[in-house]
Amino acid sequence: WYGNCKHVYHYAQTHARLFPELGRMLRRQDLATQYDDGLLPNRDGDEATAIDGQLGTVLSIYREHLLGTDDRFLRDCWDRTKRAIDFVIRNHDPEEQGMLQGAQHNTLDCEVSGTSPWIGTLYLAALQASANMALLMNDEASASVYSRIAASGRSRQQSRLWDESLQYYVEESEHLPGTKVMDRACGIDMLLGQWWANQLNLGPLYDQDRIVASLRQIYMRNYVHNDGCGSYQSCYRNFLGIGDSGWIMFKHVANPVPDNSIYYYSEVMSGFEYAAASTMLQYGMLAEGMHMIETIAGRYDGRRRDGNEVTLASNATVHGTGSPFGEDECGDYYGRPMSNWSALLALQGFRYDGPQRQIGFAPRWQPDQHASFFSAAEGWGLYRQSRNDSSQTSLLALRFGSLALQKLFLGVPSDRVVAHIKVSLDQTDIPASYRQAADVVEVILPDIIMLQASAQLTIACAFHHAGCAAPA
């Protein structure tokens with residue numbers, strides 16, 4: 001096999017968040033093998049494409065830009081990034097409606113056709129990311145095109161893919177010869193593009209109420225448990241040992257399952273599960289999301305599984321041991337489970353734009369007493385937050401490297417109005433202005449400040465209930 005497998009590695013977040021230059025290195029490698037028409041080989045040096053890998057690479061390029069300190073990387077990559085998204089538009093959305101057409105190879109090793117919420121949301125997220133990048137590159141014409149197609153796609157996918165009776169989004173297939181179908185199955189990757197969009201602050205792709213309803217259906221419908229007595233059977237590889245539980249790729253409504261069902265529909269693979277769980281966390285479904293993550297951890301507990309517990313394929317290099325350091329998929333130590341870093345980002349409500357000197361936190365996990373690790377372009381540290389009925393204190397303690405900042409976004413209770421803020425770097429007060437929009441307060445510093453290791457930035461907010469007068 002060739003190198004960097006784009007349709008797998010675009011799930012991975014850990015490496016780029018911890019080591020941003022490694023992410024940029026991989027993107028340069030991705031683009032180095034691009035064909036003149038914009039096609040990105042699904043594996044470097046190959047000739048085939050995978051649409052999810054193509055779109056995921058566009059999103060990864062935007063992530064790598066946000067995790068930098070300036071726009072040099074994006075300037076180097078923009079022409080080829082533009083060719084990559086234009087390739088998808090030209091070949092799969094020639095009418096520029098935000099709906100996909102034609103055969104689309106993907107990470108499940110088959111072709112699908114038409115528009116699914118899985119690849120459809122990836123397309124919408126990649127369009128919005130491309131519009132943002134185009135504006136940064138002063139390419140207003142391209143930004144306008146991408147924004148227009150994204151807006152059309154949001155509207156069309158929202159109305160055409162939603163199934164009211166099932167309470168989730170379904171595929172609209174063209175049923176082309178040689179392609180597979182998801183049919184009306186509940187897919188674990190149904191909202192993968194929204195998972196990406198939330199990490200990059202790209203905004204909503206679908207209606208929030210329907211997103212949450214869909215996530216509930218994934219959590220309930222796709223759950224399986226292997227009791228060793230036939231309660232769970234996979235038509236392909238089986239990565240569940242006896243006593244293990246997980247969430248399958250697709251839960252079909254049709255019985256029997258369509259003969260041309262998408263591959264691997266009955267498999268359980270943690271890289272996909274982490275992304276779904278983290279999307280639940282992004283929308284405040286803490287019990288469900290954390291249960292999924294705990295269940296995965298329970299599978300990979302170091303117990304050696306017997307050969308009759310797991311079923312592998314000829315292309316698998318996995319041993320099925322249950323090693324906590326080698327989550328099983330097509331091989332041990334597989335790249336896709338590095339999607340798990342997105343759970344941390346979701347729990348801390350993290351946002352970051354290094355070139356714009358912006359950082360933000362809106363913890364969903366224990367917002368009254370929160371502490372979590374964060375990483376930025378050139379440094380990492382600890383974020384702490386304490387909150388009571390009338391105030392909130394946010395503290396950024398940089399432990400390594402440096403961090404340039406001029407703007408912070410902090411989550412506050414939606415029923416509170418911020419009346420006053422105080423900002424200090426170590427023991428020195430910094431004048432700052434602020435503005436509040438619903439449950440987010442934007443803190444603007446007069447100049448860029450550069451935090452060095454051991455520095456501590458503190459933002460103290462005083463607030464009162466909405467509708468009540470501010471205290472004297």
Side-chain angles (χ1 to χ4, degrees), residues 52 97-101 104 106-108 110 112-125 153-176 179-198 204-225 231-235 245-269 272-273 275-285 287-289 291-292 295:
D52 49 345
Q97 295 184 344
M99 298 290 289
L100 296 165
Q101 58 184 261
Q104 304 147 36
N106 58 78
T107 197
L108 299 182
C110 62
V112 297
S113 63
T115 304
S116 67
W118 161 32
I119 301 175
T121 56
L122 273 179
Y123 181 41
L124 297 180
R154 284 193 295 270
S155 175
R156 292 172 187 273
Q157 291 187 31
Q158 175 79 4
S159 62
R160 289 164 59 174
L161 305 187
W162 175 252
D163 190 310
E164 183 66 24
S165 64
L166 295 174
Q167 287 291 291
Y168 60 79
Y169 294 95
V170 299
E171 173 194 46
E172 184 179 282
S173 176
E174 296 173 293
H175 299 282
L176 298 179
T179 62
K180 304 297 182 181
V181 297
M182 302 167 217
D183 197 46
R184 299 173 72 215
C186 183
I188 197 167
D189 264 352
M190 184 189 307
L191 298 165
L192 189 67
Q194 188 66 72
W195 168 75
W196 256 116
N198 291 340
L205 307 178
Y206 289 166
D207 174 80
Q208 179 165 325
D209 290 341
R210 290 182 174 180
I211 288 173
V212 173
S214 298
L215 291 169
R216 289 198 184 103
Q217 294 299 318
I218 294 170
Y219 178 76
M220 293 186 296
R221 290 176 182 263
N222 294 50
Y223 176 81
V224 294
H225 176 72
S231 60
Y232 166 70
Q233 293 181 337
S234 175
C235 298
S245 301
W247 282 259
I248 58 175
M249 295 296 299
F250 291 89
K251 176 62 176 178
H252 276 287
V253 176
N255 188 13
V257 171
D259 291 338
N260 62 337
S261 170
I262 192 165
Y263 287 162
Y264 314 143
Y265 67 86
S266 56
E267 289 190 3
V268 171
M269 294 178 277
F272 301 95
E273 290 174 297
S278 298
T279 310
M280 294 176 193
L281 298 176
Q282 290 170 349
Y283 287 92
M285 299 173 62
E288 295 88 346
H291 177 228
M292 289 185 71
T295 301

| Can you tell me how far the CE atom of M182 sits from the CG atom of N260, to the nearest 0.5 Å? | 11.5 Å
| Pairing residues for R160 by the salt bridge (Lys or Arg N to Asp or Glu O under 4.0 Å) criterion, not counting sequence neighbours | E172
| said: For E267, give me all partners under salt bridge (Lys or Arg N to Asp or Glu O under 4.0 Å), at least two apart in sequence or on another chain. | reply: R237
| query | Would you say the side chain of T115 lies within less than 4.5 Å of the side chain of L161, judging by non-hydrogen atoms? | reply | yes
| Between atom CD of Q104 and atom NZ of K180, what is the distance when rounded to the nearest 0.5 Å? | 15.5 Å
| said: Against W196, only a single residue in T279, T121, L122, L124 fulfils side-chain contact (heavy atoms from CB on, under 4.5 Å); can you say which? | reply: L122
| Between the main-chain N or O of L192 and the side-chain N or O of D189, is there a donor-acceptor pair closer than 3.5 Å? | no
| request: For residues R216 and M280, determine if any side-chain heavy atom of one lies less than 4.5 Å from a side-chain heavy atom of the other. | output: no
| side-chain hydrogen bond (donor to acceptor under 3.5 Å, both in side chains) partners for E164, two or more places apart | W162, Q167
| message | Are the side chains of Y169 and Q158 in contact, using a 4.5 Å heavy-atom criterion? | response | yes
| query | Is the number of heavy atoms from other residues, nucleotides or ligands under 6.0 Å of Y263 OH greater than 12? | reply | no
| task | Please identify each residue that fulfils side-chain hydrogen bond (donor to acceptor under 3.5 Å, both in side chains) with Q157, with sequence neighbours left out. | result | Y206
| message | If I take atom OH from residue Y264 and atom CG from residue L108, how far apart are they, to the nearest 0.5 angstrom? | response | 7.5 Å
| said: Using 0.5 Å steps for rounding, measure from the OG atom of S159 to the CZ atom of R154. | reply: 13.0 Å
| Residues forming a side-chain contact (heavy atoms from CB on, under 4.5 Å) with A197, sequence neighbours excluded | A125, Q194, L202, L205
| said: Measuring from atom CG of N106 to atom CD1 of I262, what distance do you get when rounded to the nearest 0.5 angstrom? | reply: 5.0 Å
| field | Qualifying residues under side-chain contact (heavy atoms from CB on, under 4.5 Å), relative to S113, sequence neighbours excluded | value | S173, E174, L176, T179
| Partners passing side-chain hydrogen bond (donor to acceptor under 3.5 Å, both in side chains) against Q282 (at least two apart in sequence or in another chain) | N198
| Mind checking what makes side-chain contact (heavy atoms from CB on, under 4.5 Å) contact with D163, not counting sequence neighbours? | S165, L166, V170, R184
| said: Could you work out, with salt bridge (Lys or Arg N to Asp or Glu O under 4.0 Å) as the rule, every residue matching E273, not counting sequence neighbours? | reply: R299
| task | Flag the pair Y168 / L191 as yes when at least one side-chain heavy-atom distance between them is below 4.5 Å, and no otherwise. | result | no
| V224 side chain reached by S245 side chain, heavy atoms, under 4.5 Å | no
Using residues 247-257 as the side-chain source, report each donor-acceptor pair under 3.5 Å to any protein atom, sequence neighbours left out, with the distance given to one decimal.
unit_1 : atom_1 : unit_2 : atom_2 : d
W247   : NE1    : Y219   : O      : 2.9
H252   : NE2    : S261   : OG     : 2.7

| request: Measure the CG-CD distance between L100 and E171 for me, rounded to the nearest 0.5 Å. | output: 11.0 Å
| query | Which heavy-atom pair separates S231 from H225 by the least distance, and what is that distance? | reply | OG-O, 2.7 Å
| remark: Across all chains, not counting sequence neighbours, the side-chain hydrogen bond (donor to acceptor under 3.5 Å, both in side chains) partners of Q217 are R221
| field | Nearest atoms (heavy-atom pairs only) where C235 meets S266 | value | N-OG, 2.9 Å
